[in-house]
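All ligand and atom numbering here is 1-based and tracks the order in the structure.
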Amino acid sequence: MAKNKAKLIIFTGPSGVGKGTILADFFKKVDNNIVYSISNTTRAPRDGEINGMHYFFISKEEFEKLIKENAFLEYANYSENYYGTSKKFVEEKLNEGKSVLLEIELQGALQVIKKCPEAVTIFIKPPSFEELEKRLRGRHSESEEAIKKRLIAAKEEINNANKFHYVIENKIVDEAVDELIKIYNKETK
Ligand code: 5GP
């Protein structure tokens, strides 16, 4: 059997594009040679989110302490909250021969692209900006103010899609998942 190649995979796309839905299905369908990197964040958990599963929910003080300790591979201030990827987790998994998927926003993605030019980068885009706005509003998880901030960030993110190796349009979830599986297999097998 061909040996599996452990890769760092960056998965980015605007808030509301459906990254979570795609990934939930992706991880059900692929082998266990890839792991999801659980980020740290200072934002409050949404209904149903579990600490240590969706995120490590930590305080601003704890986050800033981790920044000083150089514990993050990347971090960003997004929509007035910190989000960051644990360097230790990523290094450990790659050393174990596992691929690691980072679901992160643009600023963080650009930091990782600089530090780890060998990373495979994937951007998920919505069929249109109007559709994105509809989805973001439809999930009722953010205040109007937070939605506005996310839409501003989304414009910037979509404008940078050309910096990624692969762009997947999330029009039909099943098709987007299939495309992601194909990329994963191509890059790691
Ligand atoms: P949400 O608050 O909707 O869970 O996440 C907001 C944005 O932050 C999403 O685009 C998500 O992909 C991104 N994000 C989640 N974890 C990280 C991280 O560790 N680093 C960075 N830079 N962005 C992250």
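- By the criterion of a heavy-atom distance under 4.0 Å, neither the backbone nor the side chain of Q111 is placed next to ligand 1.
- E105 N, 3.6 Å is the protein heavy atom nearest to atom 13 (C) of ligand 1.
- Annotation: ring pair (Phe, Tyr, Trp, His ring centres under 6.0 Å) contacts involving residues 106-133, sequence neighbours excluded, comprise F123-F164.
- Within ligand 1, counting atoms from 1 as listed, the ones closer than 4.0 Å to a heavy atom of T85 are 19 (O).
- When only modelled atom types and interatomic distance are considered, N4 and K189 share a side-chain donor-acceptor pair under 3.5 Å.
- At a 4.0 Å heavy-atom cut-off, ligand 1 touches Y78 through the side chain alone.
- Proximity of E157 to ligand 1, defined as any heavy-atom pair under 4.0 Å, is not found for any part of the residue.
- Listed by atom number, the atoms of ligand 1 under 4.0 Å from G108 heavy atoms are 22 (N).
- Between the side chains of N160 and K163, at least one donor N or O sits under 3.5 Å from an acceptor N or O.
- Taking distance alone, with nitrogen or oxygen atoms compared against 3.5 Å, Y75 stays at or beyond that limit from ligand 1.
- Atoms of ligand 1 lying under 4.0 Å from at least one heavy atom of R43, given by number and element, are 1 (P), 2 (O), 4 (O).
- Here's the thing with S39: one of its N/O atoms is less than 3.5 angstrom from an N/O atom of ligand 1.
- Remark: the Y166 side chain and the E187 side chain contain an N/O donor-acceptor pair separated by less than 3.5 Å.
- Judged by distance alone, the side chains of D31 and Y184 do bring a donor and an acceptor atom under 3.5 Å apart.
- Looking at Q107 against ligand 1, nothing comes within 4.0 Å, counting heavy atoms.
- Listed by chain and residue number, E96 satisfy the salt bridge (Lys or Arg N to Asp or Glu O under 4.0 Å) test with K93 (two or more places apart in sequence, or in another chain).
- With distances taken over non-hydrogen atoms, the option nearest atom 9 (C) of ligand 1 out of K19, E74, E103 is K19.
- The N/O atoms of E142, backbone and side chain alike, include none that comes under 3.5 Å of an N/O atom in ligand 1.
- Each of Y78 and Y82 belongs to its own hydrophobic cluster when Ile, Leu, Val, Met, Phe, Trp and Tyr are linked at side-chain heavy-atom distances under 4.5 angstrom.
- Taking hydrophobic clusters as Ile, Leu, Val, Met, Phe, Trp and Tyr residues chained together by side-chain heavy-atom distances below 4.5 Å, F27 shares a cluster with V120.
- Counted by atom type alone, S15 and R139 present one or more donor-acceptor pairs between their side chains at under 3.5 Å.
- No hydrogens or angles considered: a donor-acceptor pair under 3.5 Å links the side chains of S59 and E62.
- When only non-hydrogen protein atoms are considered, atom 4 (O) of ligand 1 lies nearest to Y55 OH, 2.5 Å.
- Atom numbering of ligand 1 starts at 1 in the shown order; those under 4.0 Å from a heavy atom of A76 are 22 (N).
- At least one N/O-N/O distance between G84 and ligand 1 falls below 3.5 Å.
- Paired with I122 under the rule side-chain contact (heavy atoms from CB on, under 4.5 Å), one option of V167, L101, T12, I9 passes, and it is I9.
- Residue R150 places a heavy atom under 4.0 Å from ligand 1.
- Checked by distance only, ligand 1 and R46 come closer than 3.5 Å through their nitrogen or oxygen atoms.
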